Visitor: 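Supplied in structure tokens, the structure appears directly below.
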2 protein chains.
Amino acid sequence: MSDLRISIVEDNNDLRDTLQKLIENELGLKFVSAYSNAEDAIRRLPKNVPDVVIMDIHLPFRSGIDCTRALKDLCPDLRVLILTVYENSDNIFDALKAGASGYLLKRSSPSEILSAISDIAEGGAPMSSRIASQVVASFQKTTPTLEPEGDPLSERETEVLGYLTKGYSGKEIADKMFVSINTVKTHLKHIYQKLHVRSRTEILLRYHDANRDS
Amino acid sequence: MSDLRISIVEDNNDLRDTLQKLIENELGLKFVSAYSNAEDAIRRLPKNVPDVVIMDIHLPFRSGIDCTRALKDLCPDLRVLILTVYENSDNIFDALKAGASGYLLKRSSPSEILSAISDIAEGGAPMSSRIASQVVASFQKTTPTLEPEGDPLSERETEVLGYLTKGYSGKEIADKMFVSINTVKTHLKHIYQKLHVRSRTEILLRYHDANRDS
DNA sequence: ACATCAACCACCCGAAAGGATGATTTGGTA
DNA sequence: TACCAAATCATCCTTTCGGGTGGTTGATGT
């Protein structure tokens with residue numbers, strides 16, 4: 001097994017040098033390249049693709065998240081390890097969606113960074129503790145707002161809602177439930193009243209905001 | 001700071017005893033109770049609530065996921081650390097949705113388990129490497145089927161699609177884009193053709209199936 | 001016996017959505 | 001230059017939605 005090849009995208013010169021030295025002094029890792037902005041990285045990194053790139057988020061022009069997206073597009077096998085000071089959930093989720101596999105905070109110790117590099121290269125997804133807990137929290141989004149605890153939907157109304165959120169039209173729901181279109185419309189009116197919405201569009205938006213499952 | 005209070009829900013007697021000894025022999029941890037099934041845990045654990053409960057998933061009658069849900073309902077501050085052999089994504093996501101904060105595989109070493117306990121008690125979300133990568137992968141659900149690679153949407157069409165997926169009506173989109181309602185309708189027709197759908201409802205379904213974001 | 005409520009259905013209305021056809025302008029490219 | 005795609009708008013037409021009003025039945029509970 002040859003050395004893991006590592007690149008760095010980081011605009012802070014001191015930190016970039018520190019990381020480079022950290023990598024160069026570690027057995028099993030090989031420093032490949034470093035870039036101080038997203039453009040350089042996107043243009044030049046694909047010519048000599050590393051195994052892992054350590055990516056800052058705050059960069060001069062294009063963000064590290066943009067850069068991650070672009071690089072993953074050009075080099076799908078590249079593993080991106082975010083190393084940043086930002087721990088707000090928007091940045092975390094955007095980075096992961098953009099294709100990052102790991103997310104460390106800059107306060108991490110050198111040994112944490114090194115073990116994260118090994119972990120991410122082996123298919124893991126290293127995250128700082130605070131990051132992981134936010135990611136997990138995103139799964140626990142309490143399925144709220146659908147049925148606001150005020151007046152529960154009746155059995156048939158729930159059934160109609162089920163078809164509604166699967167994308168069926170009023171007519172199709174009527175057929176599936178063996179009732180007339182007018183009955184479905186009545187149920188729908190009641191559902192809209194109870195959930196305080198005025199269209200199936202609003203239902204779908206709320207439903208898929210609230211539920212991350214089927 | 002007093003000792004962390006730990007309980008165990010695990011049906012395998014050997015492993016349960018091993019875990020108990022592991023906890024009893026560790027400075028800073030205090031073993032509180034152990035249960036071999038979900039019913040016992042749900043009935044008796046709330047009478048003496050620990051800080052952290054180590055939970056197996058495969059249990060005799062009710063699963064550890066059910067048990068997690070019930071316990072989190074009774075004791076919201078309880079931290080649940082899943083310890084199981086299952087690493088399929090359904091169990092992972094269901095457990096996290098049920099309120100678990102950490103997810104370890106049983107192959108984990110004693111020191112990993114101990115540090116996970118500390119981590120979870122401090123608000124972290126410890127996960128085995130393979131688990132974390134599956135969780136992260138769930139954010140990267142490749143935004144498929146929206147734009148089927150056959151004919152990309154034009155600039156304005158993409159713009160219309162953006163508003164559409166935020167729930168705006170045709171008229172509202174027209175206003176926001178400073179064009180007539182007819183233009184929006186034309187764009188919509190083209191979008192429907194390109195994405196092979198027949199209504200905004202289908203668009204919303206596909207969009208929110210594909211994207212876990214706003 | 002009476003009240004209540006879910007479920008069912010009908011008719012009406014206006015607004016929105018979806019589809020077809022055709023037209024004009026603009027910018028870029030063969 | 002000639003052509004083409006994208007964007008703009010219009011007109012016509014049908015269906016669907018959302019909302020209002022009203023009614024019948026059957027089960028449940030007081």
Side-chain angles (χ1 to χ4, degrees), chain A residues 73 143-211, chain B residues 143-211 214:
Chain A
D73 205 42
T143 313
T145 48
L146 218 38
E147 274 185 64
E149 204 66 39
D151 37 8
L153 298 184
S154 74
E155 199 177 313
R156 293 296 260 182
E157 285 163 358
T158 307
E159 208 174 330
V160 170
L161 180 60
Y163 288 120
L164 195 67
T165 55
K166 287 186 182 58
Y168 293 105
S169 71
K171 176 101 191 65
E172 289 169 328
I173 297 175
D175 288 346
K176 288 195 175 284
M177 291 177 62
F178 302 106
V179 295
S180 97
I181 177 66
N182 298 299
T183 303
V184 173
K185 290 179 75 170
T186 302
H187 287 320
L188 281 176
K189 284 171 217 166
H190 294 157
I191 292 173
Y192 293 165
Q193 284 169 14
K194 291 182 179 178
L195 300 193
H196 309 297
V197 297
R198 274 176 315 287
S199 71
R200 43 224 304 134
T201 306
E202 285 183 48
I203 294 263
L204 288 182
L205 286 179
R206 288 207 358 207
Y207 185 83
H208 288 284
D209 276 351
N211 287 293
Chain B
T143 312
T145 49
L146 216 40
E147 275 186 63
E149 204 66 39
D151 37 9
L153 298 184
S154 75
E155 199 177 314
R156 293 296 260 182
E157 286 163 359
T158 307
E159 207 174 331
V160 170
L161 180 59
Y163 289 121
L164 194 67
T165 56
K166 288 186 181 58
Y168 292 105
S169 71
K171 178 92 189 65
E172 289 169 327
I173 298 175
D175 288 346
K176 288 194 175 286
M177 291 177 62
F178 304 105
V179 296
S180 95
I181 177 66
N182 298 299
T183 304
V184 173
K185 290 178 80 168
T186 302
H187 286 320
L188 281 177
K189 281 169 219 163
H190 295 156
I191 293 173
Y192 293 166
Q193 283 170 15
K194 291 182 179 178
L195 301 192
H196 309 298
V197 297
R198 276 177 318 287
S199 70
R200 41 223 304 133
T201 308
E202 286 182 48
I203 294 265
L204 288 182
L205 283 179
R206 293 212 350 214
Y207 185 83
H208 286 287
D209 276 352
N211 286 294
S214 68

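The shown structure was predicted, so the numbers you read here are calculated from the model rather than taken from an experiment. Chain naming here is simple, since letters A, B, ... match the order of the sequence lines and numbering starts at 1 in each.
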Visitor: Nearest whole Å is fine: how far is C:dG19 C1' from B:R200 CZ?
Guide: 14 Å
Visitor: Nearest-Å distance, CG (B:L161) to P (D:dA7)?
Guide: 13 Å
Visitor: Output the rounded distance in Å from CD (A:E202) to C1' (C:dA16).
Guide: 14 Å
Visitor: Verify, without hydrogens or angle tests, whether B:R206 (side chain) and B:L195 (backbone) share a donor-acceptor contact under 3.5 angstrom.
Guide: yes
Visitor: According to the salt bridge (charged side-chain N to carboxylate O under 4.0 Å, His left out) rule, which pairs have a member within residues 168-188 of chain A, sequence neighbours left out?
Guide: A:K171-A:D175
Visitor: Would you say a side-chain N or O of A:Y192 is under 4.0 Å from OP1 or OP2 of D:dG19?
Guide: no
Visitor: Give the rounded distance in Å between these two atoms: CG of A:L188 and C1' of D:dG20.
Guide: 15 Å
Visitor: Where is the tightest heavy-atom contact between A:I191 and A:I203, given as atom of each residue plus distance?
Guide: CG2-CD1, 4.1 Å
Visitor: Please round to the nearest 0.5 Å and tell me the distance separating atom CD1 of B:I181 and atom OG1 of B:T186.
Guide: 9.5 Å
Visitor: In whole Å, I'd like the distance from the NE2 atom of B:H190 to the P atom of C:dG22.
Guide: 14 Å
Visitor: B:H187 side chain N/O closer than 4.0 Å to the phosphate oxygens (OP1, OP2) of D:dT8?
Guide: yes
Visitor: With rounding to the nearest 0.5 angstrom, report the OG1 to CG distance, A:T165 to B:L204.
Guide: 12.0 Å
Visitor: Mark up nucleotides 24-30 of chain C, 5' to 3', with B wherever a protein heavy atom is under 4.0 angstrom from a base atom, S wherever such an atom reaches only the sugar-phosphate, and - elsewhere.
Guide: -------
Visitor: Distance check: side-chain N/O of A:R198 vs OP1/OP2 of D:dG19, anything under 4.0 Å?
Guide: no
Visitor: Between D:dG18 atom P and A:L204 atom CG, what is the distance in whole Å?
Guide: 10 Å
Visitor: Whole-Å distance between D:dG26 P and A:R156 CZ?
Guide: 16 Å
Visitor: Going by ring pair (Phe, Tyr, Trp, His ring centres under 6.0 Å), name the residues that satisfy it together with B:Y163, two or more places apart in sequence or in a different chain.
Guide: B:Y168
Visitor: Which ring-ring contact (aromatic ring centres under 6.0 Å, His included) pairs, counting each pair once, include a residue from residues 173-194 of chain B, with sequence neighbours left out?
Guide: none
Visitor: Tell me: CG of A:D175 to P of D:dT16, nearest whole Å?
Guide: 11 Å
Visitor: How would you list all residue pairs meeting salt bridge (charged side-chain N to carboxylate O under 4.0 Å, His left out) that involve residues 195-205 of chain B, not counting sequence neighbours?
Guide: B:R198-B:E202
Visitor: Does a side-chain heavy-atom distance below 4.5 Å link B:M177 with B:T183?
Guide: no
Visitor: Detail all sub-3.5 Å separations between protein N/O atoms and N/O atoms belonging to nucleotides 9-15 of chain D.
Guide:
{"unit_1": "D:dC9", "atom_1": "OP2", "unit_2": "B:S180", "atom_2": "N", "d": "2.7"}
{"unit_1": "D:dC9", "atom_1": "OP2", "unit_2": "B:T183", "atom_2": "OG1", "d": "2.9"}
{"unit_1": "D:dC9", "atom_1": "O5'", "unit_2": "B:T183", "atom_2": "OG1", "d": "3.4"}
{"unit_1": "D:dC9", "atom_1": "N4", "unit_2": "B:T186", "atom_2": "OG1", "d": "3.1"}
{"unit_1": "D:dA10", "atom_1": "OP2", "unit_2": "B:N182", "atom_2": "ND2", "d": "3.2"}

